[in-house]
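Encoded as structure tokens, the structure appears first; notes follow it.
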Amino acid sequence: MPELPEVETIVRNLSQGGTSIVGRRILAARLLWPRGLETPSPTEFEQRIVAQVITAVSRRGKFALFHLTSDTLLVHLRMSGDLFSEPTTLPVGRHHRLILDLEGELRLAFVDPRKFGRIWLVADPATVLRKLGPEPLAADFSPQIFQQRLRQSRRQLKPLLLDQCFIAGLGNIYTDEALHLAKIHPQRIAATVSEAEAERLLRAIRQVLSEGIRRSGTSIDWVYRGGDFQNHLRVYQRTGQPCPECGAPVQRISLGQRGTHFCPQCQSMGNSP
DNA sequence: CACGAGACCTGTTCGC
DNA sequence: TGCGAACAGGTCTCGT
């Protein structure tokens with residue numbers, strides 16, 4: 001579920017409205033799946049986080065950041081994670097992995113059926129985020145910088161765009177969508193992308209991410225999030241269905257062990273394989 | 001350096 | 001109906 005637009009939606013929901021967790025003190029921590037904790041030890045985690053106040057919630061790439069009085073709690077949702085606030089009175093679900101009991105009969109719940117999600121509690125978030133690439137929606141990330149980074153790599157575009165060191169926040173859905181919108185083949189070698197194509201690709205990345213955020217993310221399968229971008233997908237999980245641009249059947253291949261969807265007509269390899 | 005396979009996990013859907 | 005295989009929004013590690 002969680003790529004940049006889904007994490008952004010989650011962070012906004014946690015910061016706004018009557019169930020906002022911002023400004024609330026943490027009364028207790030319940031670590032229900034200790035292996036999801038990267039650092040520190042479970043004992044230190046519970047001791048250290050209690051009594052801290054959540055001063056803000058933010059996002060970097062696919063990480064959710066909870067800024068506390070003296071530390072930062074980072075959560076990565078991986079494949080199936082979700083974060084939300086809920087009344088303390090509700091029963092604890094089967095897939096709850098971390099619960100932070102807050103002031104005001106509210107709690108922050110980290111729910112993750114597949115247990116891939118990870119948690120860090122650190123003094124300096126940079127220790128966790130150090131290797132992340134540029135934020136695709138940041139104003140200072142220019143097409144020139146993007147193309148210069150593309151030029152430095154001989155990798156195929158699809159796996160490269162999924163690499164969080166290259167660019168932060170893209171996942172399988174939005175990468176396929178962006179490549180289709182830009183009309184570029186997922187197997188194009190990054191360094192062969194022209195200046196015009198690089199500009200088109202960055203614009204496409206920003207467009208699909210922005211629309212994803214505007215639609216509160218993509219809800220597929222049983223991992224429901226409340227977004228509706230799934231009703232506006234062009235190629236993702238539409239194998240065999242007509243391309244919205246030209247009508248040719250959408251093709252599915254496997255790249256780097258990830259299902260990759262594209263239109264062989266619109267996204268041809270052209271002359272540069 | 002780039003790529004593929006395997007690992008980490010649970011749940012759903014598909015084909016026979 | 002049952003049952004195994006394939007597949008799923010991610011990322012790390014290892015071997016070639």
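The chains referred to below are lettered A, B, ... by the order of the sequence lines, with proteins before strands, and numbering in each begins at 1. It should be emphasised that the depicted structure is a prediction, and the values quoted were computed from it without experimental measurement.
Ion pair A/E103/A/R24 not flagged as a salt bridge, since none of the NZ, NE, NH1 or NH2 atoms sits closer than 4.0 Å to an Asp/Glu carboxylate oxygen. Of the charged side-chain nitrogens involved, none lies within less than 4.0 Å of a carboxylate oxygen, so that A/E3 and A/K62 do not count as a salt-bridged pair.
No more than 12 heavy atoms of other residues, nucleotides or ligands sit less than 6.0 Å from atom CD of A/E195. With a 6.0 Å radius and a threshold of 12 heavy atoms from other residues, nucleotides or ligands, A/Q265 has its CD atom at or below the threshold.
Taking atom NE2 on A/H76 and atom C1' on C/dG10, their separation rounds to 6 Å, with Å as the unit. Here C/dA8 presents its P atom at 17 Å from OH of A/Y174, a figure rounded to the nearest Å. C/dT13 atom C1' lies 12 Å from atom NZ of A/K131, rounded to whole Å. Rounding to whole angstrom units, CG of residue A/D82 and C1' of C/dG10 are separated by 15 Å. In this structure, CZ of A/R258 is placed 15 Å from C1' of C/dA6, rounded to the nearest angstrom. Straight-line distance from the CD atom of A/Q230 to the C1' atom of C/dA8: 15 Å, rounded to whole Å. Per the geometry, CG belonging to A/L129 stands 15 Å off C1' belonging to C/dT11, to the nearest Å. Taking atom CG of A/L162 as the reference point, atom C1' of C/dT11 lies 11 Å away to the nearest angstrom.
Counting non-hydrogen atoms under 4.0 angstrom, A/T175 reaches nothing in the nucleic acid. If you check every strand for non-hydrogen atoms under 4.0 Å, A/F229 touches nothing.
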Classify every nucleotide of nucleotides 7-16 of chain B by which part a protein heavy atom approaches to under 4.0 Å, writing B for the base, S for the sugar-phosphate alone and - for neither, in 5'-to-3' order. -BBBSS----
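Residue pairs that meet the salt bridge (charged side-chain N to carboxylate O under 4.0 Å, His left out) test with at least one member in residues 247-266 of chain A, sequence neighbours left out, do not exist here. The salt bridge (charged side-chain N to carboxylate O under 4.0 Å, His left out) analysis of residues 31-53 of chain A, with sequence neighbours excluded, yields the pairs A/E38-A/R118, A/E44-A/R48, A/R48-A/D71.
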Let's test your reading of the pairing rules: Watson-Crick or G-U wobble, both distances under 3.5 Å, then write DNA chain C as a dot-bracket string with ( ), [ ], | and dots. .|||||||.|||||||
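A gap of 26 Å separates the P atoms of B/dC9 and C/dC3, to the nearest Å. Atom P of B/dG6 sits at a distance of 15 Å from the matching atom of C/dA5, rounded to the whole Å. Between C/dT1 and B/dT10, the two C1' atoms lie 23 Å apart (nearest whole Å).
Using the six-membered ring where Trp is involved, A/F166 and A/F146 have ring planes that are tilted, between 30° and 60° apart.
A/H96 places a side-chain N or O within 3.5 Å of a backbone atom of A/G93 that can act as its donor or acceptor partner.
Hydrophobic cluster of A/V111: the remaining members, joined at side-chain heavy-atom separations below 4.5 Å, are A/F84, listed by chain and number.
Here the straight-line distance linking atom CG of A/D163 with atom CG of A/L161 works out to 9.5 Å at 0.5 Å rounding. Separating the CZ atom in A/F63 from the NE2 atom in A/H76 is a distance of 5.0 Å, to the nearest 0.5 Å.
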Which atoms of nucleotides 2-5 of chain B (N or O only) lie under 3.5 Å from a protein N or O atom, and what are those distances?
from	atom 1	to	atom 2	distance (Å)
B/dA2	OP1	A/R154	N	3.2
B/dA5	N7	A/Q257	OE1	3.3
B/dA5	N7	A/Q257	NE2	2.3

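If you look at A/F262 and A/H180, their ring centroids are not closer than 6.0 Å.
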